[in-house]
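Because the structure is predicted, anything quoted here is derived from the model rather than measured.
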Amino acid sequence: DKESFDYDSTTGKYDHLDSLTTNRFYNRNTVQRIGVGYNATEGTFRYQVGLATQLTSLLNDNYSLNSRLLQHFMNWYPRASLIWSIAKEKNLQVGYSGSSMAPTITQLQPLPDLTNPFLVKLGNPDLQQQFTHSVNLSYNSFNSHSLQNWQVSFTGDYTEHQIVSSTVALPGGVQQLQYINVEGAHHLSSSATYG
């Protein structure tokens, strides 16, 4: 619950409720998840595969506007990894995993935050949860005699319904920031370490 009060000249106090920045908002995020997996070692290979399913219910009640939004999401979380022991102190690993993130109450509540009059933040009760697919590939080599090591890795991900902030310039130099979902967000990174 957020309450804001304006100055009332008749009483000389800040006791006049400001309806623009006052709100009663309730958010409930219910998550149910079940999964199975299998791990095995065969010779120089270690691998694991698994699958989980998650049912998420996202309930937003805006008591001030007398509105309700109920969303249901069902996600599958496959995961797999393979580690190949090329030699005693060298291995190659490849893996995939999926993960989701629900929007926060700050991102959902449709109430302007006027703390900074030049940057007005506004939530979005229609946000969907984001889901990220991640893939990684890494090579590790360690020489126990010379204590030298190499680590090389490549990582990439693709996110559906990524939650980002969108800024719009309003008259008077005011910026309005609101959270939205975008499609097609992806990231690539690599690193190499020698020690």
message = A side-chain contact here means heavy atoms from C-beta on lying under 4.5 Å apart; do Y158 and T132 qualify?
response = no
query = For the side chain of N91 and the backbone of I83, is there at least one donor-acceptor N/O pair under 3.5 Å apart?
reply = no
inquiry  = Please check this pair: side chain of Q178 against backbone of G123, looking for a donor-acceptor N/O pair closer than 3.5 Å.
reply    = yes
message = When you measure from the side chain of Q130 to the backbone of I163, do you find a donor-acceptor pair of N or O atoms at a distance under 3.5 Å?
response = yes
request  = Compare all side-chain heavy atoms of F154 with those of L188 and state whether any distance is below 4.5 angstrom.
outcome  = no
task = Please answer: with hydrophobic residues joined when any side-chain heavy atoms are less than 4.5 Å apart, are L82 and V152 in the same cluster?
result = yes
task = Would you indicate whether the side-chain heavy atoms of V31 and L55 approach each other to under 4.5 Å?
result = no
query = Can you name the closest pair of heavy atoms from G37 and R79 and give their distance?
reply = CA-NH1, 4.0 Å
remark   = CD of Q176 to OG of S165, rounded to nearest 0.5 Å, is 12.0 Å
request  = Would you tell me whether E89 and S141 have side-chain atoms, one donor and one acceptor, within less than 3.5 Å of each other?
outcome  = no
Pair Y77 + F131: ring centers closer than 6.0 Å = yes
task = Could you give me the CA-CA distance, side-chain angles and deciding distance for T56 and N29, then say whether side chain to side chain contact (heavy atoms under 4.5 Å, CB included) is met?
result = CA-CA 7 Å; T56 304; N29 187 17; 3.1 Å; yes
query = Hey, does D6 have a side-chain heavy atom less than 4.5 Å from the side chain of Y14?
reply = no
task = Sort out for me which residue in I180, N124, L127 forms a side-chain contact (heavy atoms from CB on, under 4.5 Å) with Q107.
result = L127
task = Find the distance between CG (L137) and OG1 (T155) and round it off to the nearest 0.5 Å.
result = 8.5 Å
ask   = What closest approach, in Å, do V120 and P112 show between heavy atoms, and which atom pair accounts for it?
value = CG1-CB, 3.9 Å
message = Can you tell me how far apart CG (N143) and NZ (K88) are? Round to the nearest 0.5 Å.
response = 11.0 Å
query = Does a donor on one side chain and an acceptor on the other come within less than 3.5 Å for Y139 and Q151?
reply = no
request  = Show your working on side chain to side chain contact (heavy atoms under 4.5 Å, CB included) between N136 and Y96 and close with a plain yes or no.
outcome  = CA-CA 7 Å; N136 64 57; Y96 165 82; over 6 Å; no
ask   = If you group Ile, Leu, Val, Met, Phe, Trp and Tyr by side-chain heavy-atom gaps below 4.5 Å, do I86 and V94 land in one group?
value = yes
ask   = If you take all heavy atoms of P103 and L108, which pair is closest and at what distance?
value = CG-CD2, 3.8 Å
ask   = Quick one: does Q54's side chain get under 4.5 Å of M74's, heavy atoms only?
value = no
ask   = Does the side chain of L122 come within less than 4.5 Å of D113's, by heavy atoms?
value = no
message = Is it true that S153 and S191 share a donor-acceptor pair across their side chains at a distance under 3.5 Å?
response = yes
Main-chain N/O of T159 paired to Q162 side chain as donor or acceptor, under 3.5 Å = no
query = Counting only heavy atoms not in L70, do more than 12 sit closer than 6.0 Å to its CG atom?
reply = yes
ask   = Any side-chain heavy atom of N140 within less than 4.5 Å of one from W150?
value = no
ask   = In terms of heavy-atom contacts, does CZ of R68 have more than 12 from other residues, nucleotides or ligands at under 6.0 Å?
value = no
task = Indicate the ring-plane relationship of Y47 and Y38, choosing parallel, tilted or perpendicular according to the 30° and 60° boundaries.
result = tilted
ask   = Backbone N or O of A185 within a donor-acceptor pair of the H187 side chain at under 3.5 Å?
value = no
ask   = If we only count heavy atoms from C-beta on, is the Q71 to Q129 side-chain gap below 4.5 Å?
value = no
request  = For residues Y179 and T106, report the shortest heavy-atom separation together with the two atoms involved.
outcome  = CE1-O, 4.3 Å
inquiry  = So, taking the atom named OG in S57 and the one named CZ in R28, what distance separates them when rounded to the nearest 0.5 Å?
reply    = 8.0 Å
query = Do D157 side-chain atoms and S134 backbone N/O form a donor-acceptor pair below 3.5 Å?
reply = no
